[in-house]
Protein chains: 2
Amino acid sequence: MTYCVAMRLANGLVFASDSRTNAGFDQISTFRKMHVFDQEGERELVILSAGNLATSQSVISLLEKRCGTEELNLLNAPSMFEAAELVGQTMREVIRRDNPDGKISHVDFSCSMILGGQIRGENPRLFNIYAEGNFIEATRETPYFQIGESKYGKPILDRIMKFDTDLDRAYECALISFDSTMKSNLSVGMPLDVAIYRNDELKPCFIEQVDEHNDYFHQLRTKWHKGIQSLFNDLVPPNIR
Amino acid sequence: MTYCVAMRLANGLVFASDSRTNAGFDQISTFRKMHVFDQEGERELVILSAGNLATSQSVISLLEKRCGTEELNLLNAPSMFEAAELVGQTMREVIRRDNPDGKISHVDFSCSMILGGQIRGENPRLFNIYAEGNFIEATRETPYFQIGESKYGKPILDRIMKFDTDLDRAYECALISFDSTMKSNLSVGMPLDVAIYRNDELKPCFIEQVDEHNDYFHQLRTKWHKGIQSLFNDLVPPNIR
C-alpha cells in the first residue's frame, strides 16, 4: 500500500508520501511516490500517486515524456485546472491501454493522484484526482487530501490542521500522521518524501527525504509516543463499579 | 458502518460498540450491536456484530431462539471454543439462506462478529469470527480485536493497550478510540454500549450506555482533544529552511 497526504494552507503547500510498495507480503520494494515538475519562475508542480504501480508509473512517464513537446503538457498547461484535467485524462488513457475492454479483473488497474502547485498568474491550488480521472479541489474548509492507506493517520490531521496552520507545523503534523500509520500498518514504510512550497516562490520546493536515521523524526516520534502515554495516564479513568 | 472493539486482559474482558447503522446517507438508524447471553454462576457471553444488519440480526435471533432447546446453543455449549464454532456456523447458515447459490451480488450479505466471555471451568476467552465463519482467538500478545470501521481508532490502541492494562484504563482507551473514529467518520455514532467482565465473576457484566449527555465522556473527549493540541504545540517543529 501507500500513504500520501497534501495540504493547501494560507502560506503554501505541503506534500508527504511514503515509499513502500507491496505485491503480496514477500514482494516489498521502495518506490518514490512523489514526482516534481519544475520550471523556475513559471511553475512548480508536485504529484503524489497511490494504487497500481504499473499504472501510476506509466502515467508519470507519459506526463514526463510529453513535457517539451507541442501537445498540452504539465509545463505548458495554462492553469492548474488544465494540469489536473491532463493528469486525469492520462490516467484514463493508461487504464484503457492495459484493460481495453474495461473487463472486471482480479487485478485492480486503478490509481489515484494528488496534484498541487502554482502556475504564474494563479494562486497555488491542490487537486485530488480519483481513479476515474475526475477530481476535486482543496478549499479553505477542507485544506488537506489523503490517498492510499489514509484512515490511521486521519484523526491527528482532523484535530490539528487548519487552513492557517504554519508550514513547519503542518510538516510536523504530517510526520505524526505517518508515524501513527506506520505503527498500525506494515504496508506503509520509510523513507518518507516531503516537499514544501511557499506561496509565489515559483522555484523548486524545499525537499527532504526522511529515513530511519533522521534525528528530528526519531525524536519527534519518541516524544509523541511518550506524550500520548502521559496524557492518557494523567486523565482520570472511568468509574466502573 | 459500525465500530466495535473488545479486549481480553489480565483482569477480564472489555467490550464496546457504537450503534449507528446506515443504508445510504439518508437511512441512518440506531441499532445496538452488543448482545449478552447470561446464565449466572455458569457463563457470561457477549457478542459484538458488524456488517449486514439483516444477516447479523438473523444470526442473533437464531442464537437466542435456540437457547433453552435441546440442540447445541450458547447456554449449553461446553466451552467458549464450541460457542465460537456455533456462532460461525449460524453465520454461514443465514448467509446460505439469503444467498443460496453464493451468487456475486451488489448486496454484501456478510457480517463479522466478536465473541467473548467465560464458561465455568475455563478462563475467559475472546474470538474474532470472520465473515466466512472461521475465527481466531486473542492472546497475551494480541489482546484486542476490532470489527467494522477499525482503522481510525487503531493507533491509540496500539500505543496504549497491553495485556496487563487495568480494566478502567482499557475502558478509557476504548472511549478515546471511539472519539477519534467518530471525529473522522460520520458512519460511526453514539450512543456507545460498553460491557466489562471481571475474571471468574460468572455474573452479568458491568454495562454502561454512553450517550451525548454522558458527563465523563464529554470531559474525556474535551480534555483529550486539548491535550493532543498542547502536546503537538509543545514539540519543536522541524526546520524547513
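The model shown is predicted, which means the values in this text are computed figures rather than measured ones. Residue numbers start from 1 in every chain, and the chains themselves are labelled A, B, ... in the order their sequence lines are given, proteins ahead of strands.
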Between the side chains of Lys203(A) and Glu44(A), is the shortest nitrogen-to-carboxylate-oxygen separation below 4.0 Å, so that they form an ion pair?
no

Sort out for me which of Asn233(B), Asp166(B), Ile176(B) touches chain A most, counting heavy-atom pairs under 4.5 Å.
Asn233(B)

Closest contact, heavy atoms only, Ile207(A) versus Ala195(A)
CD1-CB, 3.8 Å

Name the region of Gln219(B), side chain, backbone, both or neither, that has any atom closer than 4.5 Å to a heavy atom of chain A.
neither

Taking everything shown except Arg120(A) itself, do over 12 heavy atoms lie less than 6.0 Å from its CZ?
no

Segment of Ile156(B) engaging chain A (4.5 angstrom heavy-atom cut-off):
side chain

Under a 4.5 Å heavy-atom cutoff, which of Leu175(B), Asp179(B), Thr181(B) has the most pairs with chain A?
Asp179(B)

Angle class for the Phe178(B)/Tyr3(B) ring planes (parallel below 30°, perpendicular above 60°, tilted otherwise)?
tilted

Checked Val236(A), Leu220(A), Asn185(A), Asp234(A) vs chain B; the most non-hydrogen pairs under 4.5 Å come from Val236(A)

What's the shortest heavy-atom distance between Thr2(A) and Ala50(A), and which atoms?
CG2-CB, 3.8 Å

Check whether Asn239(A) gets within reach of chain B through its side chain, its backbone, both or neither, counting any heavy atom under 4.5 Å.
backbone

Of Lys223(A), Glu208(A), Arg198(A), the largest count of non-hydrogen pairs under 4.5 angstrom with chain B goes to Arg198(A)

Pair Asp158(A) + Lys183(B): basic N to acidic O under 4.0 Å
no

Contact class of Phe206(A) relative to chain B, heavy atoms under 4.5 angstrom:
both

Do you know which of Leu157(B), Val194(B), Ile228(B) has the most heavy-atom pairs with chain A at a distance under 4.5 angstrom?
Ile228(B)

What one should report as the nearest heavy-atom pair of Ser180(B) and Arg159(A) is OG-NH2, 3.2 Å

Chain A contacts, top residue of Phe232(B), Tyr171(B), Trp224(B) (heavy-atom pairs, under 4.5 Å):
Phe232(B)

